[in-house]
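Contents: one structure, followed by commentary.
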Amino acid sequence: MSEPSQFQAPVGTHDVLAPESAQWEGLLSTFADWAHRYGFSLVITPVFEDVGVFNRGIGEASDVARKEMYVFKDRGDRTYALRPEGTAPIVRAFIQHQPTTPFKAWYFTPGFRYERPQAGRYRQHHQLGVEVLGTDDPAVDVEVITLAQRFFEAVGLTRFRLLINSMGHAQCRGAYVELLRAHLEAHVGELCDEHQKTWRENPLRVLDCKNAACIAVTERGPMLIDHLCDDCRAHFDAVLDGLGRLGVASELSPRLVRGFDYYSRTTFEFVADALGGAQNAIGGGGRYDGLVEQLGGKPTSGIGFGSGVERLLLTREAEGAAALLSRHLDVFVVDTTGDAAAVLLDRLRRAGVASDRAYDHRSMKAQMKVADKSGARLALLIGPQELSAGEVTIRDLRSADFEQHQSRVPDQDVVSTILRLLQAK
RNA sequence: GUGGGCGUAGCUCAGUUGGUUAGAGCGCCAGGUUGUGGUCCUGGAGGUCGCGGGUUCGACCCCCGUCGCUCACCCCA
């Protein structure tokens with residue numbers, strides 16, 4: 001295998017260039033703002049971790065742990081994995097640093113999974129999310145879910161729904177799984193090909209199988225929501241009640257079972273109706289009251305959600321949402337003397353004005369073309385005349401007739417004049 | 001891991017039953033207007049037709065392989 005004659009981004013990964021990158025900026029800053037409003041602080045953890053952090057966290061039997069992780073050995077023979085999801089590393093950091101609780105963290109991170117790419121699914125994708133550790137108060141469940149709801153609204157989404165379920169805690173779920181297993185065993189022959197083989201190791205998975213055969217079987221079987229213990233039932237009711245009081249609509253979804261082993265009690269998923277395909281989950285999460293222990297910490301409750309940036313952007317596009325952020329220059333400096341631009345730009349930029357210039361000593365006409373395409377509102381012209389007069393010509397690029405829409409100002413007044421013009425809008 | 005569709009200039013695409021120098025629009029550069037953008041006109045640069053092999057007198061076109069892109073299954077954000 002020789003080197004390719006031209007490199008390109010690895011399979012399932014993408015470069016994000018302007019102008020699309022501005023939507024990423026907008027999404028990210030909106031999320032940072034909302035997370036801050038809810039009292040969350042940014043936490044940054046490494047993109048790779050000891051492989052055990054993920055194996056023990058998400059469950060060795062899960063598809064992600066079994067065949068989708070990017071695992072590698074470093075030169076010191078340590079085995080690491082690129083993070084496939086965002087929760088386990090935050091929990092690891094929580095255990096390591098033992099911060100005071102409740103610990104409310106938000107993050108933005110790439111996630112890596114070795115899967116065949118398709119619309120809305122990539123080998124490197126990006127997630128925004130939050131985690132709260134140290135309390136099982138249902139008020140926190142409500143807050144986390146509401147934050148997601150408000151954030152989606154803030155970025156312009158309108159056609160999405162919140163699906164919610166409770167998976168119970170380890171004991172009541174354990175008892176239920178036995179009931180489910182007995183039911184499945186009695187109907188093995190009716191399950192889809194895949195689950196005829198795997199129902200025994202992960203019976204809960206059969207619940208969210210989309211195959212009609214499996215649905216027919218589980219429809220007649222026991223539902224977890226009907227077998228919660230009193231505590232879990234009360235917790236779930238409190239969450240539903242809290243959401244209702246905030247006007248957050250949810251749909252009870254008894255078949256909603258999330259893929260990672262660590263989930264317990266509240267489980268939820270946001271689905272976008274504008275996304276046609278199967279990849280319509282724009283966010284999801286839930287409570288994971290056993291995860292901290294599994295990773296070696298003291299028993300500690302936790303809950304969080306994660307949302308896929310690429311899918312949010314796809315959904316926004318499908319809904320025709322307005323741009324979150326438009327990045328354009330305020331000023332373009334056209335300098336045919338080659339002497340003045342650098343100093344003038346430095347003054348403008350230090351005053352907060354987004355400004356740029358052309359390079360390579362191009363003609364005034366060529367520089368004006370670049371100025372036009374830059375989207376800048378104003379052009380500053382400096383030629384031999386201005387230079388000798390100690391002045392600068394300010395030209396409004398929104399107007400066609402330059403003789404009516406440009407003026408000369410003394411060099412020392414340029415920055416204040418520009419600031420005033422930009423303010424006037 | 002499995003299956004379908006598609007790979008021709010920076011981008012979007014034409015390319016006649018295989019026939020000689022592979023085209024268009026947009027974009028880019030320059031000029032028309034030696035100090036003025038968006039319109040217009042003229043000219044220019046830019047392509048190993050994804051890659052390798054085969055069939056043929058001759059392949060962008062047909063066959064095989066391979067790589068890539070894309071969509072779907074599975075799973076998930």
Side-chain angles (χ1 to χ4, degrees), chain A residues 1-14 17 58 62-68 83-87 108-129 148 192-195 198 202 205 208-211 257-260 269-272 275-285 305-315 332 334-337 358 360 362-387 393-406 408:
Chain A
M1 198 65 88
S2 60
E3 282 210 339
S5 57
Q6 192 182 97
F7 294 112
Q8 51 182 305
V11 175
T13 69
H14 294 277
L17 279 55
I58 66 189
S62 70
D63 280 8
V64 170
R66 250 182 29 244
K67 53 189 186 190
E68 295 178 1
R83 57 164 35 151
E85 55 100 34
T87 301
F108 165 65
T109 180
F112 305 87
R113 292 180 200 165
Y114 191 86
E115 313 174 87
R116 285 287 290 271
Q118 69 184 75
R121 198 182 68 189
Y122 314 100
R123 287 189 174 171
Q124 175 175 341
H125 75 289
H126 298 79
Q127 267 178 247
L128 299 159
C192 72
D193 294 349
E194 169 74 14
H195 287 121
T198 62
N202 199 346
R205 177 69 60 72
D208 72 348
C209 179
K210 282 133 203 147
N211 187 290
V257 173
R258 299 185 56 73
F260 302 149
E269 191 167 291
F270 285 88
V271 295
L275 291 184
Q279 265 62 46
N280 66 344
I282 52 172
F305 87 85
S307 185
V309 172
E310 288 85 353
R311 284 192 196 169
L312 287 176
L313 294 172
L314 282 174
T315 308
F332 198 94
V334 173
D335 172 20
T336 57
T337 71
D360 305 316
R362 301 178 66 187
S363 69
M364 172 166 270
K365 174 174 176 158
Q367 292 192 48
M368 283 300 291
K369 280 189 162 190
V370 181
D372 183 51
K373 276 180 212 101
S374 76
R377 158 103 179 276
L378 303 166
L380 295 187
L381 314 193
I382 307 164
Q385 294 172 29
E386 285 87 351
L387 198 63
T393 295
I394 300 176
R395 167 101 166 77
D396 189 335
L397 287 171
R398 295 178 307 182
S399 314
D401 182 358
F402 72 83
E403 282 164 346
Q404 302 296 316
H405 294 92
Q406 69 181 37
R408 290 243 214 140

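So you know, we letter chains A, B, ... as the sequences are listed, proteins then strands, and number each from 1.
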Nearest-Å distance, [atom1] ([X]) to [atom2] ([N])?
X	N	atom1	atom2	answer
R408(A)	U36(B)	CZ	P	14 Å
N280(A)	C75(B)	CG	C1'	13 Å
D335(A)	G35(B)	CG	C1'	12 Å
Q8(A)	G68(B)	CD	C1'	6 Å
F332(A)	U36(B)	CZ	C1'	13 Å
L275(A)	A72(B)	CG	P	10 Å
D396(A)	G38(B)	CG	C1'	13 Å
E269(A)	C75(B)	CD	C1'	12 Å

Give me the distance, rounded to whole Å, that separates [N] from [M] when you measure between the [atom1] atoms they each carry.
N	M	atom1	result
U56(B)	C11(B)	C1'	35 Å
C69(B)	G58(B)	P	35 Å
G27(B)	G35(B)	C1'	26 Å
G23(B)	C64(B)	P	30 Å
U21(B)	U66(B)	P	33 Å
C62(B)	A24(B)	P	24 Å
C74(B)	G65(B)	C1'	28 Å
G46(B)	A22(B)	P	14 Å

| task | May I have the step-by-step check of side chain to side chain donor-acceptor pair (under 3.5 Å) for T393(A) and Q406(A), ending in yes or no? | result | CA-CA 7 Å; T393(A) 295; Q406(A) 69 181 37; 5.0 Å; no

With a 4.5 Å heavy-atom cut-off, do [X] and [Y] have their side chains touching?
X	Y	value
T336(A)	P384(A)	yes
L381(A)	Q367(A)	no
R362(A)	V370(A)	yes
R205(A)	V257(A)	no

| note | Between P117(A) and M368(A), whichever has its closest RNA chain B nucleotide further toward 5' is M368(A)

| When the nearest nucleotide of RNA chain B is assigned to Y114(A) and to P384(A) on a heavy-atom basis, which residue is associated with the more 5' position? | Y114(A)

May I ask you to say what [X] touches in the nucleic acid, namely base, sugar-phosphate or nothing, with a heavy-atom cut-off under 4.0 Å?
X	answer
G111(A)	nothing
L381(A)	base
E115(A)	base
Q385(A)	base
G120(A)	base
E386(A)	base
A119(A)	sugar-phosphate

| Do Q406(A) side-chain and U36(B) base share a donor-acceptor contact under 3.5 Å? | yes

| request: Look at the side chain of Q279(A) and the base of C71(B), then say whether one donor and one acceptor between them are separated by less than 3.5 Å. | output: no

| task | Give the ring-plane orientation class for H126(A) versus F108(A), where under 30° counts as parallel, over 60° as perpendicular and anything between as tilted. | result | parallel

Which one, [options], comes nearest to the side chain of [X]?
X	options	value
M364(A)	G35(B), A77(B), G68(B)	G35(B)
R121(A)	U2(B), A77(B), U36(B)	A77(B)
R116(A)	C71(B), G68(B), C74(B)	C71(B)
D372(A)	G38(B), U36(B), A77(B)	G38(B)
T393(A)	A77(B), C73(B), G35(B)	G35(B)

| task | Would you check if H126(A) stacks with the base of A77(B), given a 5.5 Å centroid limit and a 30° plane limit, both strict? | result | no

| field | Side-chain N,O (Q118(A)) to OP1/OP2 (C73(B)) below 4.0 Å | value | yes

Any donor-acceptor N/O pair, [X] side chain to [Y] backbone, under 3.5 Å:
X	Y	answer
E269(A)	G284(A)	no
R377(A)	R398(A)	no
S307(A)	I282(A)	yes

| said: Pairs counted only when both distances fall under 3.5 Å, Watson-Crick or G-U: show me the 5' to 3' dot-bracket for RNA chain B, [ ] for pseudoknotted crossings and | for other-strand partners. | reply: (((((((..((((.....[...)))).(((((.......))))).....(((((..]....))))))))))))....

| request: Return the minimal non-hydrogen interatomic distance between A358(A) and F332(A), and the atom names on each side. | output: N-CZ, 3.4 Å

| Looking at I394(A) and L378(A), what are the two nearest heavy atoms and their distance? | CG2-CD2, 4.4 Å

| task | Treat primed atoms plus P, OP1 and OP2 as sugar-phosphate and everything else as base, then score nucleotides 28-33 of chain B 5' to 3': B for base contact with protein heavy atoms under 4.0 Å, S for sugar-phosphate contact only, - for none. | result | SSS-B-

| message | Is there a side chain to side chain contact (heavy atoms under 4.5 Å, CB included) between R408(A) and Q385(A)? Walk through the geometry before answering. | response | CA-CA 11 Å; R408(A) 290 243 214 140; Q385(A) 294 172 29; 3.2 Å; yes

